[in-house]
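Reviewing the structure listed below.
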Protein chains: 2
Amino acid sequence: MHQYGGMDPSTNEDGVGLAFALMASAARMVERIDDGVARRGFTDVRPTHGFAFAFLAAGGGTITGLAAHLGMTKQAAAQLVDEMETKGYVRRGPHPRDARARLVELTDAGRACMRAAEEAAAEAAGAWSGALGADRMVRLRRDLEHMAGDGPLRPMW
Amino acid sequence: MHQYGGMDPSTNEDGVGLAFALMASAARMVERIDDGVARRGFTDVRPTHGFAFAFLAAGGGTITGLAAHLGMTKQAAAQLVDEMETKGYVRRGPHPRDARARLVELTDAGRACMRAAEEAAAEAAGAWSGALGADRMVRLRRDLEHMAGDGPLRPMW
DNA sequence: ATGCATTGGTCAAGCCTCTTGACCATGAGG
DNA sequence: CCTCATGGTCAAGAGGCTTGACCAATGCAT
């Protein structure tokens with residue numbers, strides 16, 4: 001028998017229930033956002049791109065920085081940027097302070113796509129808020145943020 | 001401008017915040033469970049296997065059923081079962097009522113691995129419960145279950 | 001009974017995203 | 001300077017999934 005906070009084994013089911021609820025609701029959220037983004041005309045982006053957009057939104061970033069943020073190798077990040085550049089969401093330029101590096105920035109299309117994702121997220125949250133009530137929604141988000149901690153957010157979709 | 005429940009655009013940020021909190025906490029949960037399962041000696045299983053275990057736990061199932069439950073093709077499910085069979089977590093036998101089908105069942109090792117996952121989930125939930133308080137934890141789970149709905153739970157890890 | 005579309009499963013090939021490994025160019029500190 | 005760390009790229013390959021073709025058992029309707 002292992003230690004897990006001195007809990008009674010009969011509470012295993014509670015942990016499992018919470019885990020499933022968490023994973024399922026996160027999955028629904030991703031589905032809804034992806035769907036909403038597609039309905040707004042951006043059919044060639046995947047959830048991972050959203051995480052990249054979020055990182056690049058504030059003034060752009062480097063391949064290496066993006067890789068660290070997404071928890072992947074810089075080769076994979078470079079490939080992702082290649083793809084986004086081809087699709088017109090991102091632009092590579094010289095880095096102002098480091099000739100080795102290249103600054104990756106969102107284009108207008110990239111920002112438009114990000115706004116679409118934000119709208120889709122708000123739409124999804126609004127639907128749940130309508131069912132749960134705004135105050136419960138606020139608590140929910142606060143509790144989730146506590147569980148999430150400050151660590152990096154790796155995409156897994 | 002699109003419709004999303006008549007919300008003010010300034011609330012976009014709330015939707016995004018909720019979405020990130022949801023995805024990050026789900027990711028943490030998966031990490032913790034995966035880690036706890038590994039610490040209990042099962043180092044050759046991935047999160048996806050857990051979803052398969054959960055489906056097979058109640059009397060076993062068929063490849064096709066598993067595929068539907070996991071939201072993947074039956075070829076992919078068959079491959080997953082091959083792997084779990086090789087690792088000793090699962091056993092293929094004849095199906096009692098259909099000679100075409102083969103019944104996939106958990107072995108003792110499979111059940112032991114599932115218990116390890118349940119313990120790890122309870123451990124993770126316990127840690128959060130200790131910080132948030134049991135009553136908030138109950139509300140959290142209930143609200144999440146509401147968001148999750150009844151649809152199938154596709155693994156994405 | 002028999003004919004035939006349906007369903008469970010497998011084999012084979014390929015795709016997509018990510019990884020590992022090797023490498024070049026610039027930067028930074030002694 | 002010389003050296004090592006760092007940003008980026010090229011090349012090859014692994015892993016987990018898909019599509020496509022196929023066989024065998026089923027079950028329903030003649």
Side-chain angles (χ1 to χ4, degrees), chain A residues 23 27 30-31 34 43-53 55-56 59-87 89-105 152-157, chain B residues 27 30-31 34 38 43-53 55-56 59-87 89-105 152-157:
Chain A
M23 293 186 273
V30 171
E31 282 169 16
D34 206 41
T43 56
D44 57 356
V45 286
R46 288 173 286 116
T48 297
H49 295 121
F51 292 88
F53 285 159
F55 174 75
L56 298 174
T62 65
I63 293 282
T64 299
L66 180 61
H69 183 253
L70 297 182
M72 50 170 63
T73 61
K74 48 187 186 173
Q75 292 91 327
Q79 188 171 312
L80 195 64
V81 168
D82 283 343
E83 186 191 347
M84 293 195 297
E85 191 174 29
T86 299
K87 291 175 176 170
Y89 296 122
V90 131
R91 170 180 50 235
R92 269 188 245 239
H95 193 284
R97 278 187 279 290
D98 190 338
R100 294 170 301 176
R102 313 189 60 186
L103 187 62
V104 183
E105 290 173 302
L153 177 48
R154 301 188 42 158
M156 49 211 95
W157 283 273
Chain B
V30 170
E31 282 168 18
D34 207 40
T43 56
D44 58 355
V45 286
R46 287 172 288 115
T48 298
H49 294 121
F51 292 88
F53 285 160
F55 174 75
L56 298 174
T62 65
I63 294 281
T64 299
L66 180 61
H69 182 253
L70 297 181
M72 52 171 61
T73 61
K74 48 187 185 171
Q75 292 91 325
Q79 188 171 310
L80 195 65
V81 168
D82 282 342
E83 186 191 346
M84 294 195 294
E85 191 175 29
T86 299
K87 291 176 176 168
Y89 295 123
V90 128
R91 171 182 49 234
R92 270 189 244 240
H95 193 284
R97 278 188 279 291
D98 190 338
R100 293 171 302 180
R102 311 189 62 185
L103 186 63
V104 183
E105 290 173 300
L153 176 48
R154 299 190 43 158
M156 50 211 92
W157 283 273

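Residue numbers begin at 1 in each chain, while the letters A, B, ... track the order of the sequences.
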Exercise. Working to the nearest 0.5 Å, report the span between CD1 of I63(B) and CG of D82(B).
Key: 7.0 Å
Quiz prompt | Nearest-0.5 Å distance, CD of residue E83(A) to CZ of residue R46(A) | solution = 4.5 Å
Exercise. With the side chain counted from C-beta on, respond yes when L66(A) and V104(A) share a heavy-atom pair under 4.5 Å apart, and no when they do not.
Key: no
Quick one: [X] [atom1] to [N] [atom2], roughly how many Å, whole number?
X       : N       : atom1 : atom2 : answer
E83(A)  : dT17(C) : CD    : P     : 6 Å
H49(B)  : dG16(D) : NE2   : C1'   : 10 Å
D82(B)  : dG15(D) : CG    : C1'   : 15 Å
L66(B)  : dT7(C)  : CG    : C1'   : 17 Å
R102(B) : dC23(D) : CZ    : P     : 19 Å
R46(B)  : dG16(D) : CZ    : C1'   : 7 Å
L103(B) : dG8(C)  : CG    : C1'   : 13 Å
L80(B)  : dC17(D) : CG    : C1'   : 11 Å

Practice problem: Confirm from the modelled atom types if Q75(A) and dG21(C) form a donor-acceptor pair under 3.5 Å, side chain to base only. | Solution: yes
[X] near the nucleic acid: base, sugar-phosphate alone, or nothing, with a heavy-atom cut-off under 4.0 Å?
X      : answer
T62(A) : sugar-phosphate
A76(B) : base
T64(B) : sugar-phosphate

Self-check item: Where D44(B) and Y89(B) come nearest, the two heavy atoms and their spacing
Solution: OD1-OH, 2.7 Å
Quiz item: If you pin V104(A) and Q79(A) to their nearest nucleotides in DNA chain D, which one's is more 5'?
Solution: V104(A)
Self-check item: Residue closer to the 5' end of DNA chain C, A101(B) versus T73(A) (nearest nucleotide)
Solution: A101(B)
Quiz item: Once each nucleotide of nucleotides 23-30 of chain C is scored for protein heavy atoms under 4.0 Å, what B/S/- sequence comes out, 5' to 3'?
Solution: --BBS---
